[in-house]
There are 2 protein chains.
Amino acid sequence: MIGVLVVEDEPVAAEAHRAYIERTAGFAAVAVAGTGAQALAVLTRTPVDLVLLDMNLPDTHGIELCRRIRAAGADVDVLAVTSARELTTVRAAAAHGVVGYLLKPFTYPALRDRLEAYAAYRAQLARGGDASGQSEIDRVLDAVRPAESAALPKGMSRETLDAVVAAVRAAERALSAAETGEVIGASRITARRYLEYLADTGLVDRAPRYGGTGRPELEYRWR
Amino acid sequence: MIGVLVVEDEPVAAEAHRAYIERTAGFAAVAVAGTGAQALAVLTRTPVDLVLLDMNLPDTHGIELCRRIRAAGADVDVLAVTSARELTTVRAAAAHGVVGYLLKPFTYPALRDRLEAYAAYRAQLARGGDASGQSEIDRVLDAVRPAESAALPKGMSRETLDAVVAAVRAAERALSAAETGEVIGASRITARRYLEYLADTGLVDRAPRYGGTGRPELEYRWR
DNA sequence: CACGCTTGCGTTCATACTGTCCGCGGTCGG
DNA sequence: CCGACCGCGGACAGTATGAACGCAAGCGTG
């Protein structure tokens with residue numbers, strides 16, 4: 001469960017954000033702060049994973065609050081949620097390591113996509129340890145972007161995806177695309193399409209299977 | 001012209017980075033710092049746009065230096081260039097708003113891709129003014145990602161290359177092509193193909209291993 | 001010093017799997 | 001009833017790998 005602090009001076013908006021958070025599986029709103037000072041106070045006494053941060057606060061600017069949070073060394077991420085459209089603000093937010101910048105007003109799906117992308121990013125990091133190489137680091141850092149994580153990419157169906165996931169999870173050894181296709185009763189092409197999607201989103205690992213003569217077969221293993 | 005400060009304690013690497021910067025159109029190395037203190041001193045008296053930051057510094061850690069830079073409110077971006085592979089370090093770097101995280105050792109094209117992506121990002125922001133909407137903000141923030149840096153020669157795969165690098169890197173002594181093949185579960189021919197590529201790009205050293213009967217065996221050692 | 005022996009190098013090519021285009025059939029809204 | 005869209009798979013060019021093989025380079029023996 002990812003604990004969220006909502007920082008928003010407008011009570012109506014703050015309550016709306018809180019409700020959105022609660023609606024999203026895996027997230028919980030642990031507190032709401034109307035000012036920067038309140039936010040800092042909450043952060044010192046309550047464990048928070050993510051801050052939903054408005055830029056226009058009565059006592060300070062969101063960027064300034066960001067800076068204080070970093071200076072305090074708090075282990076927390078920030079998602080900017082604001083109506084500030086100035087590119088200088090966007091740049092400053094990026095320079096302070098926000099995991100996203102969502103323009104108000106926004107719809108619930110837009111926020112949910114952001115939150116789910118952040119959850120995926122956290123999941124990648126939760127494993128800890130070392131990155132195997134540059135490609136893994138790129139994959140982790142790309143995960144914060146709200147790809148089409150919620151809405152499936154075109155050409156893919158939920159049912160087939162579930163079947164592929166079930167097949168790879170159930171197999172004790174890694175499966176090739178052709179093997180997976182056989183298990184789920186589909187073609188190698190379809191199986192591959194879904195396996196690649198899962199590999200991109202970091203849910204399965206991909207490795208070549210050497211030994212046979214000819215081009216090596218790629219095998220996919222559930223994480 | 002984008003002014004770059006190279007922060008790197010190893011003189012040979014620092015000089016190499018400086019040379020790489022100078023080779024890249026639109027970039028200029030304005031200074032080189034061997035410690036965190038030197039870097040901060042440079043930043044107070046010289047305008048710098050981008051910091052090429054190593055994580056392992058003699059007097060402090062790169063993340064800590066990052067924090068100080070942000071606390072000082074310097075209007076500067078950071079590109080992490082380091083051999084630190086721990087995911088916690090990657091996460092901390094991301095939280096402090098690095099524009100990229102490049103694992104050492106790297107080839108010039110890899111750095112150039114990063115720098116060009118950063119230049120594109122700056123160009124988007126240089127216009128100033130307000131973003132027209134969420135899509136423009138997304139576009140700006142996506143610009144920091146390098147295009148497709150993959151660009152591996154034909155006939156080679158990213159997975160196998162990573163496996164070979166990992167094998168040679170992990171071995172304390174130098175490995176022959178046959179030994180490397182055995183470690184990664186592939187043939188001598190395949191291992192040799194990748195080892196030669198790494199030797200060409202200067203990432204591994206190549207030397208004959210004399211003494212045995214018959215033709216000497218070539219051995220490869222990680223730099 | 002010459003010659004052969006031994007062992008691994010380096011190259012070529014067959015091969016099997018990959019990755020992608022494009023058309024098919026089903027489904028849904030108008 | 002029809003057009004649009006969507007998910008799927010056949011077909012095919014492209015590509016990463018390893019077996020085979022001739023050659024190169026030290027070492028031992030006379």
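Sequence lines set the chain letters: A, B, ... in the order given, protein chains first and strands last, and positions in each chain run from 1.
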What nitrogen or oxygen pairs link the protein and nucleotides 10-13 of chain C at under 3.5 Å?
{"residue": "C:dG10", "atom": "OP2", "partner": "B:R192", "partner atom": "NH1", "Å": "2.8"}
{"residue": "C:dG10", "atom": "N7", "partner": "B:R188", "partner atom": "NH1", "Å": "3.3"}
{"residue": "C:dG10", "atom": "O6", "partner": "B:R188", "partner atom": "NH2", "Å": "2.7"}

Exercise for the section: Determine the contact category for B:A178: base if any of its heavy atoms lies under 4.0 Å from a base atom, sugar-phosphate if only primed atoms, P, OP1 or OP2 are that close, otherwise nothing. Expected result: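 Nothing, no heavy atom under 4.0 Å.
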
Exercise for the section: Select base, sugar-phosphate, or nothing to describe what B:A186 touches, counting heavy atoms under 4.0 Å on all strands. Expected result: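 Sugar-phosphate, no base atom in range.
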
Practice task
Nearest 0.5 Å please: distance from the CZ atom of B:F27 over to the CD1 atom of B:I2.
Solution key: 4.0 Å

Donor-acceptor contact present, side-chain [X] to main-chain [Y], <3.5 Å:
X      : Y      : answer
A:R70  : A:H96  : yes
A:D77  : A:L50  : no
A:R209 : A:P216 : no
B:Q134 : A:L103 : yes
B:E179 : B:S176 : yes

Practice task
Could you tell me how the ring of A:H17 sits relative to the ring of A:Y20: parallel (under 30°), tilted (30 to 60°) or perpendicular (over 60°)?
Solution key: parallel

Just N and O in the side chain of [X]: are any of them under 4.0 Å from OP1 or OP2 of [N]?
X      : N      : value
B:S157 : D:dT17 : yes
A:T213 : C:dT15 : no
B:S187 : D:dT17 : no
B:T160 : D:dT17 : yes
B:Y194 : D:dT17 : yes

Fill in the blank from the handout: Ranking A:E219 and B:S176 by the position along DNA chain C of their nearest nucleotide, the one closer to 5' is B:S176

Atom pair distance, as rounded to whole Å: [atom1] in [X] and [atom2] in [N]:
X      : N      : atom1 : atom2 : result
A:K154 : D:dC5  : NZ    : C1'   : 8 Å
A:L175 : C:dC17 : CG    : C1'   : 16 Å
B:E179 : C:dG8  : CD    : P     : 10 Å
A:L161 : D:dC6  : CG    : C1'   : 16 Å
B:E159 : D:dT17 : CD    : P     : 9 Å
B:Y210 : D:dA25 : OH    : P     : 10 Å
B:E217 : D:dC27 : CD    : P     : 14 Å
B:L195 : C:dC9  : CG    : P     : 11 Å

Exercise for the section: Compare the minimum distances between each of D:dA25, D:dT17, C:dG8 and the side chain of B:P216, then state the nucleotide with the smallest one. Expected result: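 Shortest atom-to-atom distance from the side chain points to D:dA25.
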
Handout entry: Qualifying residues under side chain to side chain donor-acceptor pair (under 3.5 Å), relative to A:S157, sequence neighbours excluded
Key = A:T160

Practice task
List the protein contact pattern of nucleotides 25-30 of chain C with one symbol per nucleotide (5' to 3'): B for base contact, S for sugar-phosphate-only contact, - for none; contact means a heavy-atom distance under 4.0 Å.
Solution key: ------

Practice task
Ignoring hydrogens and angles, state whether a donor on the side chain of A:R122 or A:Y118 is under 3.5 Å from an acceptor on the partner side chain.
Solution key: yes

Problem - Heavy atoms from other residues, nucleotides or ligands near CD of B:E159 exceed 12 (cutoff 6.0 Å) - result: yes

